[in-house]
Enquirer: 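Sharing a structure, written as structure tokens. Questions coming.
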Amino acid sequence: MGSLVPFQDLNLCPEPPLPATVNISTSATPSATINRTTTFNFLTPKIEPKQEPFDEPTPTQTIHQQENFLFSVSNSTPDFIPNPETTPPANASSSADDQNALYSEYFRISELFRSAFAKRIQKYGDVEVLDPDSRAIVPVPEQSQLTSETSPTDGSNLERALSVVVSRKKAGRSNELVRVTNLGIDDQRHFRDLVRRTRMMYDSLRVLVISEEEKRTGPGNGRRARGDLRAAAVMRDRELWLNRDKRIVGAIPGIEIGDVFFFRMELCVVGLHGQIQAGIDTLPASQSSSGEPIATSIIISGGYEDDEDSGDSIIYTGQGGQDKFGKQCMHQKLEGGNLALERSMHYGIEVRVIRGFKYENRVSGKVYVYDGLYKILDCWFDVGKSGFGVYKFRLSRIEGQPEMGSSIMKFAESLRTKPLSTRPMGYLTLDISMKKERVPIFLYNDIDNDHDPMYYDYLVNTVFPLNVFGQGSNSTGCDCVSGCTEGCFCAMKNGGDFAYDYGGILLRGKPVIFECGNFCQCPPSCRNRVSQHGLRNRLEIFRSRETGWGVRSLDLIQAGAFICEYAGVVLTRDQAEVFKMNGDTLIYPNRFSERWAEWGDLSRIFPEY
């Protein structure tokens, strides 16, 4: 027989507590009982739930809220054309619809009249009319038009191109739900290269945005520009976001488990997670053929106190019910992303899991790692730590996938701090540079007994033959005593501008970069002395079955950042012939591939750049 006590519905507001009655019995006479009624005043928290973001990310709106643009697109002509997203439903007042229809028809006829008699009207005064050969609906100011003729080489034109986002309505995400399987080797390489080039374009554009902002305000002055948001907005305006024409369930072609992203907007650009703020990416019920929402990916970043993450198994808390401080202030409901996760569990649809956690770096305070596909096994409604009802989902990682990227990053972090306790066997030395570098370089071999790198002299800088460089007093350099600025002698060697931004990031690939040298008057902290500061990232030389010996990093390295100098002994042609006769292996730097040209290539955004 079931319990007769009704289960409290946590979706309803609790009833106010009844006055508590306290019975006090005296020890003198058992029959003497004092009934005293005491009223307890319970504190009712002020509930101000944070609104969940919309399904469709709008980085353009975010940009307009956070950045001050040079100018905005003119809106002098009233917009009488109804927008399907903002038009009231059919049950609204018919008078308003009739009035809007009347205005729309009047506006259409007047524009047709102005276009037909454009040349005749212009002679009666300064009247703004449309070009009869143009297909535009309303005239657009020339300054807000972004055409292929705009040359971003000019600083003002470049900043205008980065700041102004054309206000035309972009097509939303597709409602087509697909799963990509059985890709061939060539297809995998194609999509991997497509994702690589898209991410490189995003990083290049983000670095360029920050550099232009620093030119305008100076380094360290004012609020740092949100290059991640502005770069994503520009790429979306140029329709360069990936996977917008379909909603992919499961793995995304070209994205591998362990890929790391410095910014959340980058997840939207490559199509891994389409929500800017919400942790659950879904196909809404309004766009689903079955009328039910479907979840495609989630982000676990510690935003909910009831989450439990043990790697392969996750207890994920649903969304909703939090205030602006991230505290649970009301009960969650089975709607939106929560309902989508429940429906995905019902139909057995897997979801992508991205983990976000804090990471100390110069780019951002947080990174996101793609950890693979998970199955939703269970869903239930429970009371959370804050006393409010939350929906919980049990997820389990699908077997047969590569190792999680988050676990690899945690392992690398332990190697940086305590290498011997993490890997007691295999280290040949903990610093092959013998303290010649700013950070130690590990030498690791757990495959065979090869110790060849131990017999080499570690060179920090390249050794050149004698009499290669002129040592006379006629050598010249810049005269920037307090630090190089725009237009100095060394900047002119690089084409009129420095190759690095103020953070030491390469703006675009170049075959040769001229840095300030021994004859320059600038201090060592000059922005044009990046490679002279030496190694910054912790590297490890390791024995590999594929390449013999390789180098890997224990730190995350930002795109465009200096890694290390390819140092060695430079030989003349005669010396090289002698070494070749002895059977020594020589390296020819001029035979390296020219992939450096891909970094900073923004020709798809700025054709003249």
Enquirer: Between His533 and Arg438, does a side-chain contact (heavy atoms from CB on, under 4.5 Å) hold up when you go through it step by step?
Expert: CA-CA 9 Å; His533 296 161; Arg438 298 172 55 183; 4.1 Å; yes

Enquirer: Closer than 3.5 angstrom, by distance alone: can the side chain of Trp599 be matched with the main-chain N or O of Leu506 as a donor-acceptor pair?
Expert: yes

Enquirer: Please test Glu212 against Lys215 for salt bridge (charged side-chain N to carboxylate O under 4.0 Å, His left out), starting from the C-alpha separation and ending with a verdict.
Expert: CA-CA 5 Å; Glu212 293 299 319; Lys215 286 182 181 179; 3.7 Å; yes

Enquirer: Using a 3.5 Å distance criterion without hydrogens, assess whether the side chain of Gln401 forms a donor-acceptor pair with backbone atoms of Ile398.
Expert: yes

Enquirer: If you take all heavy atoms of Pro465 and Gln575, which pair is closest and at what distance?
Expert: CG-OE1, 4.5 Å

Enquirer: Measure from NZ or CZ of Arg527 to the centre of the six-membered ring of Tyr500 and say whether it is under 6.0 Å with the direction within 45° of the ring axis.
Expert: no

Enquirer: Looking only at atom types and distance, does a side-chain atom of Lys436 sit under 3.5 Å from a main-chain N or O of Tyr458, one as donor and one as acceptor?
Expert: yes

Enquirer: Do Arg529 and Cys522 come close enough that some side-chain heavy atom pair is under 4.5 Å?
Expert: yes

Enquirer: Centroid separation under 6.0 Å, is that true for the rings of Tyr359 and Tyr368?
Expert: no

Enquirer: With a 3.5 Å distance limit and no angle check, can you tell me whether Ser407 reaches the backbone of Met404 through a side-chain donor-acceptor pair?
Expert: yes

Enquirer: Checking the side chain of Arg536 only, and the main-chain atoms of Ile563 only, is there a donor and an acceptor separated by less than 3.5 Å?
Expert: no

Enquirer: If you look only at distance, which donor and acceptor atoms sit under 3.5 Å apart when one is on a side chain in residues 253-263 and the other is two or more places apart or in another chain?
Expert:
residue: Asp259; atom: OD1; partner: Arg192; partner atom: NH2; Å: 3.2
residue: Asp259; atom: OD2; partner: Arg192; partner atom: NH1; Å: 2.8
residue: Asp259; atom: OD2; partner: Glu256; partner atom: N; Å: 3.0

Enquirer: Would Ile294 and Thr282 count as a side-chain contact (heavy atoms from CB on, under 4.5 Å) if you check the C-alpha gap in whole Å, the side-chain angles of each, and the deciding distance to 0.1 Å?
Expert: CA-CA 5 Å; Ile294 299 296; Thr282 66; over 6 Å; no

Enquirer: Do you know which of Arg196, Arg197, Arg604 makes salt bridge (charged side-chain N to carboxylate O under 4.0 Å, His left out) with Glu598?
Expert: Arg196

Enquirer: Could you check Arg226 against Glu213 for side-chain contact (heavy atoms from CB on, under 4.5 Å), going step by step and ending with a plain yes or no?
Expert: CA-CA 10 Å; Arg226 289 298 304 270; Glu213 183 68 19; over 6 Å; no

Enquirer: For Glu437, look at atom CD and say whether over 12 heavy atoms of other residues, nucleotides or ligands are found less than 6.0 Å away.
Expert: yes

Enquirer: Can you see whether Ser406 engages Asp371 through a side-chain donor-acceptor pair at a distance of less than 3.5 angstrom?
Expert: yes

Enquirer: Does atom CZ of Phe579 have more than 12 heavy-atom neighbours, drawn from other residues, nucleotides or ligands, at distances under 6.0 Å?
Expert: no

Enquirer: Verify the neighbour count for atom OH of Tyr456: are there more than 12 heavy atoms of other residues, nucleotides or ligands below 6.0 Å?
Expert: no

Enquirer: If you define the side chain from C-beta out and look only at heavy atoms, does anything of Val270 sit under 4.5 Å from Trp241?
Expert: no

Enquirer: Would you mind reporting whether Phe542 and Arg552 have side-chain heavy atoms less than 4.5 Å apart?
Expert: yes

Enquirer: On a heavy-atom basis, which atom in Leu283 and which in Arg247 lie closest, and how many Å separate them?
Expert: CA-NH1, 3.7 Å

Enquirer: Do other residues, nucleotides or ligands put more than 12 heavy atoms under 6.0 Å from the CD atom of Glu594?
Expert: no

Enquirer: In Å, rounded to the nearest 0.5 Å, how long is the span from CZ of Phe357 to CD1 of Ile300?
Expert: 12.0 Å

Enquirer: How long is the gap from CZ on Arg236 to CZ on Arg244, to the nearest 0.5 Å?
Expert: 4.5 Å

Enquirer: Is any side-chain heavy atom of Val269 less than 4.5 Å from a side-chain heavy atom of Leu242?
Expert: no

Enquirer: Let me confirm one number: the CG-CZ distance from Leu267 to Arg352, rounded to the nearest 0.5 Å.
Expert: 10.0 Å

Enquirer: Salt bridge between Arg538 and Asp431, side-chain N to carboxylate O under 4.0 Å?
Expert: no

Enquirer: Which pair of non-hydrogen atoms, one from Pro453 and one from Trp549, has the smallest distance, and what is that distance?
Expert: CD-CZ2, 3.5 Å

Enquirer: With a 6.0 Å cut-off (strictly less than), is the heavy-atom count around CG of Asp452, excluding the residue itself, greater than 12?
Expert: yes

Enquirer: Quick check for you: to the nearest 0.5 Å, what is the distance between Arg416 atom CZ and Leu554 atom CG?
Expert: 7.0 Å

Enquirer: Between Arg591 and Tyr588, is NZ or CZ placed under 6.0 angstrom from the six-membered ring centre and within 45° of the ring axis?
Expert: yes

Enquirer: Of all the heavy-atom pairs spanning Ala576 and Leu586, show the shortest one and how long it is.
Expert: O-CD1, 3.7 Å

Enquirer: Within the structure provided, determine whether Tyr202 and Met235 are in side-chain contact (heavy-atom separation under 4.5 Å).
Expert: yes

Enquirer: Would you say the side chain of Leu373 lies within less than 4.5 Å of the side chain of Val353, judging by non-hydrogen atoms?
Expert: no

Enquirer: If you count heavy atoms of other groups shown closer than 6.0 angstrom to NZ of Lys410, is the number above 12?
Expert: no

Enquirer: Return yes if some donor-acceptor pair links the side-chain N/O of Ser211 with the main-chain N/O of Val207 below 3.5 Å, else return no.
Expert: no

Enquirer: Are Thr296 and Val351 side-chain neighbours, meaning at least one heavy-atom pair lies under 4.5 Å?
Expert: no

Enquirer: Determine yes or no for a side-chain-to-main-chain donor-acceptor pair under 3.5 angstrom, with Lys358 supplying the side chain and Val367 the backbone.
Expert: no

Enquirer: What heavy-atom pair brings Asn537 and Val439 nearest, and what distance separates the two atoms?
Expert: O-CG2, 3.6 Å

Enquirer: Walk me through whether Phe498 and Leu507 qualify under side-chain contact (heavy atoms from CB on, under 4.5 Å).
Expert: CA-CA 9 Å; Phe498 290 110; Leu507 295 176; over 6 Å; no

Enquirer: What distance separates Arg355 CZ from Ile298 CD1, expressed to the nearest 0.5 Å?
Expert: 8.5 Å

Enquirer: Say whether, by atom type as modelled, one donor and one acceptor occur between the side chain of Asn494 and the main chain of Cys490 under 3.5 angstrom.
Expert: yes

Enquirer: For a quick test of reading the model, state the closest non-hydrogen atom pair linking His273 to Ile280 and the distance between them.
Expert: CE1-C, 4.0 Å

Enquirer: Sub-3.5 Å donor-acceptor pair from the side chain of Asn528 to the main-chain atoms of Phe514, do we have one?
Expert: yes

Enquirer: Could you state the interatomic distance from CD1 (Ile513) to NZ (Lys493), rounded to the nearest 0.5 Å?
Expert: 14.0 Å

Enquirer: With side chains defined as the heavy atoms from C-beta onward, is the minimum distance between Glu540 and Ile441 less than 4.5 Å?
Expert: no

Enquirer: Does the pair Ser553 and Asp555 meet the rule for a side-chain hydrogen bond (donor to acceptor under 3.5 Å, both in side chains), with working shown?
Expert: CA-CA 5 Å; Ser553 174; Asp555 296 319; 5.2 Å; no

Enquirer: More than 12 non-hydrogen atoms from neighbouring residues, nucleotides or ligands closer than 6.0 Å to CG on Asn590, yes or no?
Expert: yes

